[in-house]
Amino acid sequence: MPMLSLKLPDGSVRQVPAGTRPREVAESIGKRLAQAAVAAKVNGEIVDLDRELKEDAEFALLTDKDKDSLDVLRHSSAHIMARAVMRLFPGTELAFGPTTDTGFYYDIHSPTPIREEDFPRIEEEMAKIVKAAEPFERFEKSVPEGRQLIGDLKQRLKVEHIDESLGQSHETISFYRQGEFIDLCRGPHIPHAGKVGAFKLLAIAGAYWKNDAKRQQLQRLYGTAFFDKKELDAYLKQIEEAKKRDHRVLGRQLKLFTISQVAGQGMILWMPKGAIVRGLLESFIKDELVKRGYLPVYTPHIGNLNLYRTSGHFPYYQDAQFPPMYFNPTVQTVDTWYTLLEKKLLTDEQEKAFLETIRAVSEGKNPDDPDQEFPRFTVGEMKLDARALWLEYQEAKDRDAKLKVLKDWMSGQEGYLLKPMNCPHHIQIFKATPHSYRDLPIRLAEFGTVYRFEQSGELGGMTRVRGFTQDDAHLFLTPEQVEPQLRSEIELVLLVLKTLGLNEYRVRVSVREPGSDKYVGEPELWEKAEATLKSVVETVPGLNWSIGVGEAAFYGPKIDFIVKDCIGREWQLGTVQLDYNLPRRFELEYTGPDNKPHRPVMIHRAPFGSLERFTGILIENFAGSFPLWLAPEQVRVLTISEKSEAYGREIEAKLRAEGFRVASDYRSEKIGAKVREASVEKVPYMIVVGEKDLAAGTVSLRDRVADKETRDQKLDDVIARLREEVATKAIRSATT
RNA sequence: GCCAGCUUAGCUCAGCGGUAGAGCAACGGUUUUGUAAACCGUUGGUCGUGGGUUCAAUUCCCACAGCUGGCUCCA
């Protein structure tokens with residue numbers, strides 16, 4: 001029998017016969033190891049303990065101490081959950097059941113939907129399976145045989161998956177059996193269910209089959225599992241703690257922002273304290289921009305529809321925008337008409353009614369009340385407009401021709417859009433004056449508020465909203481200026497993240513999805529832009545980046561900076577985007593050294609991204625305890641008793657004169673209560689004064705972050721200390 | 001938009017087929033205090049909105065809205 005060499009982690013080499021299983025290697029090393037082993041790592045691939053070894057390999061046994069083992073355990077836990085569900089909900093069809101960073105899920109379709117109240121009995125059933133500690137057994141079948149097997153088990157989705165992908169890419173497919181439960185699965189698995197020390201079902205949610213919104217919606221059951229109950233408890237506690245950092249909770253508690261159902265969902269109302277934080281962030285970035293040669297501009301909140309027709313925003317994102325505002329109210333009617341016709345829902349009677357309305361309008365009548373002129377303010381123009389529509393529609397021969405008449409008429413109507421992006425406006429500013437190559441780069445910056453009609457199910461807190469302000473800028477450059485400017489933009493984003501203590505982020509170079517029609521412009525320009533971005537990120541030292549296929553904007557690729565919120569969701573903050581397309585669409589030009597017109601390149605960039613989202617993430621990053629330079633209330637003066645109120649007021653006035661954001665508490669509460677309240681409200685420093693201080697001309701400084709008091713201080717020394725902390729933008733926030 | 005759950009005082013939450021309760025907050029008083037909660041009292045709710053069942057609905061049913069988690073989307 002041929003022998004294999006296994007190189008173990010300690011560097012030793014072990015000779016074993018081909019076909020030996022990791023379990024046997026473990027047993028030969030020691031009984032304890034054999035018992036503790038969960039899986040094996042063979043040339044970097046994690047495999048079952050029962051998988052036969054076929055070639056020389058770097059070999060390691062994984063126990064519950066290894067990070068990789070947890071993943072194996074959780075995948076097996078997903079099977080155990082699925083098995084329990086199959087027992088309790090006969091007829092359940094299984095889809096995919098992978099692991100996540102913190103647990104696992106299984107997508108299923110059950111004839112009777114599963115609800116949260118079913119969790120206890122599912123968990124009970126899972127506990128039985130764990131207790132029985134049956135092994136997970138792997139076996140392989142040819143594609144047709146495997147398809148037959150899983151089809152016999154009435155697993156329609158698994159059959160579909162074999163037909164759509166596995167069958168094409170694989171010769172054989174693997175299954176795992178555990179007792180009565182058989183699942184199509186790549187593995188690997190733990191040796192037996194008894195290895196699962198603790199588990200819990202966490203949530204239930206909808207998910208589309210193969211992540212496709214056009215396909216069947218399944219139920220996704222989330223859970224987590226650990227080797228040890230203590231680890232599960234620690235994890236659950238950590239989730240509880242994280243929830244306390246939630247910016248929606250802290251935003252309310254600390255009176256930073258509110259969202260009113262009355263004002264509109266997805267609209268952030270910045271309360272005075274939140275407005276202070278935002279204002280300081282704006283000043284901070286504005287100072288940096290001025291240093292870097294940016295030119296501040298202002299543009300309005302709405303723009304003519306034609307602007308966005310040219311830029312492409314209106315056609316590309318119409319569904320995600322607030323509806324356009326038309327002067328001619330008949331457009332709404334025609335839009336409804338168009339939609340019905342397009343979806344083939346228009347009945348003959350409806351069509352007749354629409355035409356009748358248009359006829360009435362074209363004659364300047366209110367269709368509901370022919371005695372009234374309608375509408376008076378634009379009736380002259382509308383007469384002409386609507387009459388043309390009325391005549392042309394009747395001449396249209398087929399559905400396509402009718403659609404065209406309606407569409408052409410609508411696009412001739414003057415309308416405005418709440419601006420979804422600032423770039424078209426900035427482009428108009430660029431176009432307003434001629435430019436020489438000597439003037440470039442031109443950098444136009446604005447805190448531009450934009451509005452997007454995000455799907456209702458997406459809205460939440462400050463991270464996904466319908467109106468937000470970008471720290472936006474658009475740069476117009478010569479092709480040679482692109483690379484150095486991109487580098488400088490990345491450095492600016494990194495400066496922002498570093499200054500605000502956001503140290504955990506990932507960088508994504510977002511490129512096109514090949515073969516998709518979502519993008520404008522020639523492929524050569526895209527290739528050039530994508531290559532440029534990649535070559536730039538490569539030269540930034542220590543940048544941890546990856547490619548995001550299909551994440552590009554419709555006009556160009558981008559570099560996105562992504563952070564996680566308190567419950568682990570990822571959000572894009574800063575972005576740097578390269579654009580060869582809008583300069584074309586808007587026919588931008590500058591005069592080159594050859595005295596001929598040249599086309600500039602554009603960079604769109606926003607280091608914060610959205611001030612709403614950034615602030616939300618920042619609240620969570622600091623757990624509401626902002627560094628001194630950002631704290632809405634920096635110092636609170638507390639008096640021991642009402643006897644020292646006058647002295648307290650004197651101190652307060654001095655601090656205010658020095659430029660600090662200071663508040664006071666002169667109530668007849670005990671000092672302990674005042675300290676507690678200031679602490680709960682996350683005021684970084686408290687100055688406590690009593691009669692002794694009055695006599696000695698001193699103050700007592702309490703540092704909330706260090707949770708320490710220092711008595712008998714001179715106010716001037718305290719001021720110097722706080723001033724220094726503000727000037728350096730020091731981050732010393734507590735995590736509570 | 002889709003799936004599931006939730007919605008009771010400003011906040012956190014209890015409650016129930018017979019027209020509501022706690023703690024904190026707010027307000028008034030007592031207290032004059034040395035570093036994370038003094039004491040007493042008072043106010044506060046068309047129980048998310050609309051409809052239905054019922055002698056009677058905050059409670060049961062339906063619809064809608066909003067919120068939460070996830071999916072899809074995200075210029």
Side-chain angles (χ1 to χ4, degrees), chain A residues 105 107 113-118 202-222 243 246 248-249 252-253 255 258-262 264-266 308 311-314 316-317 319-321 419-424 450 452-461 463-464 470 472 510 518-520 551-556 558 560 567 569 571-572 575 577 579 582 604 606 610 613 638-645 667-680 686-693 700-704 707-711 736:
Chain A
Y105 64 80
D107 287 349
I114 292 173
R115 303 203 262 162
E116 257 174 64
E117 62 192 49
D118 299 318
L202 296 173
I204 191 156
Y208 298 104
W209 171 226
K210 300 209 170 184
N211 289 338
D212 185 345
K214 290 183 206 68
R215 292 214 190 199
Q216 180 184 0
Q217 188 157 37
L218 308 169
Q219 286 192 294
R220 178 169 294 179
L221 266 68
Y222 284 88
K243 279 184 186 158
D246 190 319
R248 290 163 297 193
V249 174
R252 191 187 314 114
Q253 282 171 0
K255 300 184 171 67
T258 186
I259 300 170
S260 151
Q261 203 185 124
V262 178
Q265 55 177 161
Y308 297 104
S311 70
H313 290 100
F314 183 60
Y316 272 81
Y317 293 103
D319 291 345
Q321 281 160 185
K419 76 176 168 188
M421 278 293 264
N422 301 303
C423 32
V450 297
R452 298 175 187 177
F453 195 80
E454 304 286 5
Q455 302 181 95
S456 60
E458 287 299 343
L459 299 174
T463 45
R464 197 76 189 268
Q470 299 173 314
D472 210 357
S510 302
K518 285 196 299 192
Y519 312 100
V520 296
E551 303 286 348
F554 74 88
Y555 48 73
K558 54 197 181 110
D560 296 318
I567 53 174
R569 289 181 294 204
W571 299 100
Q572 177 192 312
T575 181
Q577 313 179 349
D579 177 11
L582 290 185
H604 310 229
S610 130
R613 177 178 289 178
L638 313 179
T639 44
I640 298 293
S641 80
E642 285 173 359
K643 290 173 191 156
S644 29
E645 179 174 341
R667 293 173 307 164
S668 68
E669 286 291 343
K670 288 171 79 169
I671 190 65
K674 295 185 186 183
V675 166
R676 180 174 186 278
E677 273 181 40
S679 294
V680 167
M686 291 161 238
I687 286 184
V688 179
V689 292
E691 289 178 278
K692 285 180 215 158
D693 294 296
S700 163
L701 180 70
R702 184 177 178 87
D703 175 346
R704 196 194 92 95
D707 194 19
K708 247 173 61 183
E709 49 162 314
T710 328
R711 300 202 185 185
T736 55

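First the proteins, then the strands, lettered A, B, ... as listed; each starts at 1. Computation of the quantities below employed the complete heavy-atom set of this structure, encompassing side-chain atoms and omitting hydrogens, waters and symmetry-equivalent molecules.
- In this structure, A/Tyr222 does not count as stacked on the base of B/G70 under the 5.5 Å centre distance and 30° plane angle limits.
- Distance A/Asn211 CG to B/G70 C1': 12 Å, rounded to the nearest Å.
- Rounding to whole angstrom units, CG of residue A/Asp319 and P of B/A75 are separated by 14 Å.
- Among the heavy atoms of the strands lying under 4.0 Å from A/Gln455 is at least one base atom, whether or not backbone atoms are also near.
- For A/Arg711, a side-chain nitrogen or oxygen approaches OP1 or OP2 of B/U35 to under 4.0 Å.
- Heavy atoms of A/Ile114 sit nowhere under 4.0 angstrom from any nucleic acid atom.
- Atom NZ in A/Lys518 sits roughly 7 Å away from atom P in B/C73 (whole-Å rounding).
- Nucleic acid contact class of A/Glu691 (heavy atoms, under 4.0 Å, all strands): base.
- Rounded to a whole Å, the CD1 atom of A/Ile259 is 7 Å from the P atom of B/C67.
- Put simply, the side chain of A/Ser668 and the base of B/U32 share no donor and acceptor less than 3.5 Å apart.
- Here A/Gln253 does not reach the OP1 or OP2 of B/C11: none of its side-chain N or O atoms lies under 4.0 Å away.
- Atom CG of residue A/Asp246 and atom CZ of residue A/Arg252 lie 9.0 Å apart, to the nearest 0.5 angstrom.
- Whole-Å rounding puts the A/Glu669 CD to B/A38 P distance at 6 Å.
- Note on A/Arg248: a side-chain N or O is less than 4.0 Å away from OP1 or OP2 of B/G69.
- Atom pair A/Glu117:CD and B/A4:P shows a separation of 13 Å (rounding to whole Å applied).
- Between the side chain of A/Arg464 and the base of B/C74, a donor-acceptor pair under 3.5 Å is found.
- Across all strands shown, A/Gln321 has heavy atoms under 4.0 Å from base atoms, whether or not it also approaches the sugar-phosphate.
- At a threshold of 4.0 angstrom between heavy atoms, the contacts of A/Tyr317 include nucleobase atoms, whether or not backbone atoms are also involved.
- Nucleic acid contact class of A/Ile567 (heavy atoms, under 4.0 Å, all strands): sugar-phosphate only.
- Within 4.0 Å (heavy atoms only), A/Lys643 reaches sugar-phosphate atoms of the nucleic acid but no base atom.
- A/Arg452 comes within contact range of at least one nucleobase, with a heavy-atom separation under 4.0 Å.
- For the OP1/OP2 pair of B/G69 and a distance below 4.0 Å, the side-chain nitrogens and oxygens of A/Arg569 include at least one atom meeting the criterion.
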